[in-house]
Amino acid sequence: MKKFLQWLFSPAIISFFLILLQLALIIVVFIYIDQYYWIAQLVLEVLAIPVAFIALNSRMDSNYKIAWLFFIVCLPLFGIVFYLLFANKKFTPREKKKIAPIADAIDLSIEEGGLESAEASLDPDKDSDCLALASYLDKSGHSKTFKNTRTSYYCWGEQAFEAMKEKLRLAEHYIFIEFFIIGQGKMWDEILEILKEKVAEGVDVRVMYDDIGSLGRVPYNYYKELRSYGIKASVFNKVKPIVNIRLNNRDHRKILVIDGYIGFTGGINLADEYINEYVRFGKWKDNVVMLEGEGVYNLTSMFLSNWLNYSKYPKEDLNFKDYLPTVYANLDDYKDEEGCVSPYGSLPYTFESVGMNVYLNIINKAKKYLYISTPYLIPNKEIENAICLAAKSGVDVRIIVPGIPDKKQTYQVTKSSYRVFLEAGVKIYEYIPGFIHAKTFLADDTMAVVGSINLDYRSLFLHMENGCFLYKCPCIQDIRNDFEHTMDYSHEVDEEEVRKTNPLLKFWRLVLKVFAPLL
């Protein structure tokens, strides 16, 4: 049942049924009211032209525009309606008015709560790369850059799971959980038992999960069951049998915060395949970074922002200062830690993709090497050009993608990207044992990102996402070691292999690539 529901609600199946419905309507009109067919066709074309001009002149990504234009021209009846309803909707004035005070509260809590941004202590000459990105994240997403933060890297979901349970048992004040997927099974059931124990001890436990992400994995209205245990639970963007202009925007974040000074983020969700307890696509390769200290506050503020804006839990007056790490931890324990961190979020309701811009920043600043792991290699033209330019400029660029896909058609779009990268000198590796779900960027042993942001249009433009920028942290060496170890178990793709691809399959990949932004 779970697989059927996931298949039924997939973008490809929905698009397929829309095409069939459009053809059926055209046939009905042609057969039964053929004398009006040309009028109906003329009306659709007249309506499609202004909508096409709106799409063409929007601030959306160029590839995203092309996909929508193709949809509008080929399926005007549904293309027009769906574009106006779903195409990368931005914040309304009302939503901006609602969000602005929360953003101000985040900044004010840092200013008055004893935390200091790392920017003032960084060397403009030695740390110019970090300073530039820190300034951007501060201005674009209220994400400060902090020192005094210990970082630990886990190269497997199994390792991160054990660390999560250990830290959850230490919670004394609050636990915040926000994940795209929660699935009943060993991983979630063991975490849930700890949460129940903590609720009984008086710990404030809050859980938010995405409704479509968890579809078929937990019972309908599962948040009500969690509330019966004393957990403050909410579902993000609940699926309802009505048209919802935000249905296409999901909460893809992965955030776990404990008492404000312990935080986890990365690629894994809270379901059994992420710890290889349930085998779906071979060996599941994922990663997580744990933060301890000041830097955790960005994860806390991201959770609280979403909770205040989107949770269906009864509204509360929450003071951001009450959740600062300085309230519950002695930050002197972390003052000698090297490097700095900046967890950040990316929203779909603006025309600025923070996730994409952070990736571009790292690509453009790489001088020696750039390592990327991603489950989906479907970048927009801007990222594609930046990666190719880095490789042509002498940077050692390597990308690891899955050897066993989770979505077959999406995997074909990934393969359609191989040729342009290989011709530029990028090395591409397919992880032979199974599916690699880790989303990692690493450059020159100094900069790295671990988070939830895939190299595809949904992550870059449509979903709520989060990542953690790491600068000169000791765990960066662990990330590099993990990447190089993973390459040992991967197959390097060469140009000859791509050239020998069946011509029909090549054509099918080209067709899929046109619609990639809508998949």
Side-chain angles (χ1 to χ4, degrees), residues 102 105-118 142-152 154 160 162-179 191-208 229-234 253-266 288-308 311 313 316-337 339-345 466 468 473 475:
I102 296 177
I106 294 172
D107 292 339
L108 185 63
S109 62
I110 293 173
E111 182 181 330
E112 298 179 353
L115 292 181
E116 293 184 6
S117 175
H142 300 275
S143 298
K144 302 292 184 182
T145 300
F146 294 104
K147 288 191 171 183
N148 304 325
T149 305
R150 182 179 302 150
T151 59
S152 304
Y154 301 98
E162 294 304 317
M164 286 177 175
K165 290 189 294 183
E166 177 187 345
K167 297 300 183 181
L168 282 168
R169 293 189 180 99
L170 300 177
E172 296 180 350
H173 305 283
Y174 66 86
I175 296 170
F176 295 159
I177 293 176
E178 180 182 350
F179 279 81
I191 288 176
L192 181 57
E193 287 305 310
I194 298 174
L195 299 183
K196 290 178 183 178
E197 294 171 7
K198 289 301 171 181
V199 167
E201 295 172 10
V203 175
D204 179 6
V205 179
R206 301 170 188 253
V207 175
M208 180 182 284
Y229 305 137
I231 296 170
K232 298 174 182 177
S234 182
R253 292 177 175 177
K254 286 87 176 169
I255 295 173
L256 169 59
V257 175
I258 301 161
D259 289 349
Y261 68 96
I262 301 172
F264 292 85
T265 191
V288 167
V289 63
M290 178 177 72
L291 309 178
E292 298 173 274
E294 292 185 13
V296 177
Y297 183 65
N298 284 359
L299 295 175
T300 306
S301 62
M302 274 188 273
F303 175 89
L304 289 174
S305 296
N306 260 12
W307 185 267
L308 289 170
S311 81
Y313 196 81
E316 309 164 81
D317 291 326
L318 298 177
N319 190 333
F320 279 68
K321 288 189 291 186
D322 294 338
Y323 299 93
L324 286 161
T326 50
V327 177
Y328 303 113
N330 181 5
L331 296 183
D332 287 341
D333 295 341
Y334 310 107
K335 66 180 181 180
D336 295 326
E337 296 295 331
C340 54
V341 304
S342 184
Y344 59 92
N466 76 283
C468 182
C473 298
C475 76

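Computed from a predicted structure; not experimentally measured. Numbering of residues begins at 1 and proceeds along the displayed sequence.
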So do [Y] and [X] actually touch side chain to side chain, heavy atoms under 4.5 Å?
X    : Y    : answer
I191 : I194 : no
V257 : Y174 : yes
I175 : D204 : no
V203 : E172 : no
D336 : N148 : no
Y261 : L324 : no
R150 : L291 : no

Find the distance between [atom1] ([X]) and [atom2] ([Y]) and round it off to the nearest 0.5 Å.
X    : Y    : atom1 : atom2 : answer
C468 : K254 : SG    : NZ    : 15.0 Å
M164 : L168 : CE    : CG    : 8.0 Å
I177 : F264 : CD1   : CZ    : 11.0 Å
I110 : L115 : CD1   : CG    : 6.5 Å
F146 : C340 : CZ    : SG    : 11.0 Å
E292 : I262 : CD    : CD1   : 5.5 Å

For residues [X] and [Y], report the shortest heavy-atom separation together with the two atoms involved.
X    : Y    : result
T149 : E337 : O-CB, 3.5 Å
T151 : C473 : OG1-CB, 3.6 Å
G293 : Y334 : CA-CD1, 3.7 Å
P325 : L331 : CB-CD2, 4.2 Å
P343 : N298 : O-ND2, 2.9 Å
T300 : G260 : OG1-CA, 4.1 Å

**Asked** When you look at I258 and L170, which way does the side-chain contact (heavy atoms from CB on, under 4.5 Å) test go after all the steps?
**Response** CA-CA 8 Å; I258 301 161; L170 300 177; 5.6 Å; no

**Item:** Cation over ring face, K196 and Y229, 6.0 Å, 45°
**Value:** yes

**Message:** Whether the side chain of N330 engages the backbone of D332 through a donor-acceptor N/O pair (distance < 3.5 Å, no angle test) should be reported.
**Reply:** yes

**Message:** Looking at K144, is its backbone amide N or carbonyl O close enough to the side chain of S342 to form a donor-acceptor pair, meaning the two atoms are under 3.5 Å apart?
**Reply:** yes

**F176 and Y323 aromatic ring geometry - parallel, tilted or perpendicular at 30°/60° bounds** = tilted

**Request:** Tell me yes or no: between the side chains of N306 and S311, is some donor less than 3.5 Å from an acceptor?
**Result:** no

**Prompt:** Going through the checks in order, is the side-chain hydrogen bond (donor to acceptor under 3.5 Å, both in side chains) test met by Y297 and S109?
**Reply:** CA-CA 10 Å; Y297 183 65; S109 62; 2.5 Å; yes

**Asked** Run the side-chain contact (heavy atoms from CB on, under 4.5 Å) check on Y154 and M290 step by step: do they pass?
**Response** CA-CA 8 Å; Y154 301 98; M290 178 177 72; 3.5 Å; yes

**Message:** Using side-chain contact (heavy atoms from CB on, under 4.5 Å), reason through W307 and M208 one step at a time and then give a plain yes or no.
**Reply:** CA-CA 8 Å; W307 185 267; M208 180 182 284; 3.9 Å; yes

**Item:** Side-chain ion pair, K147 and E116, N-O less than 4.0 Å
**Value:** no

**Item:** Carboxylate-amine/guanidinium contact R206 E316, below 4.0 Å
**Value:** yes

**Prompt:** Would L256 and T265 satisfy side-chain contact (heavy atoms from CB on, under 4.5 Å), going step by step from the backbone distance to the final call?
**Reply:** CA-CA 7 Å; L256 169 59; T265 191; over 6 Å; no

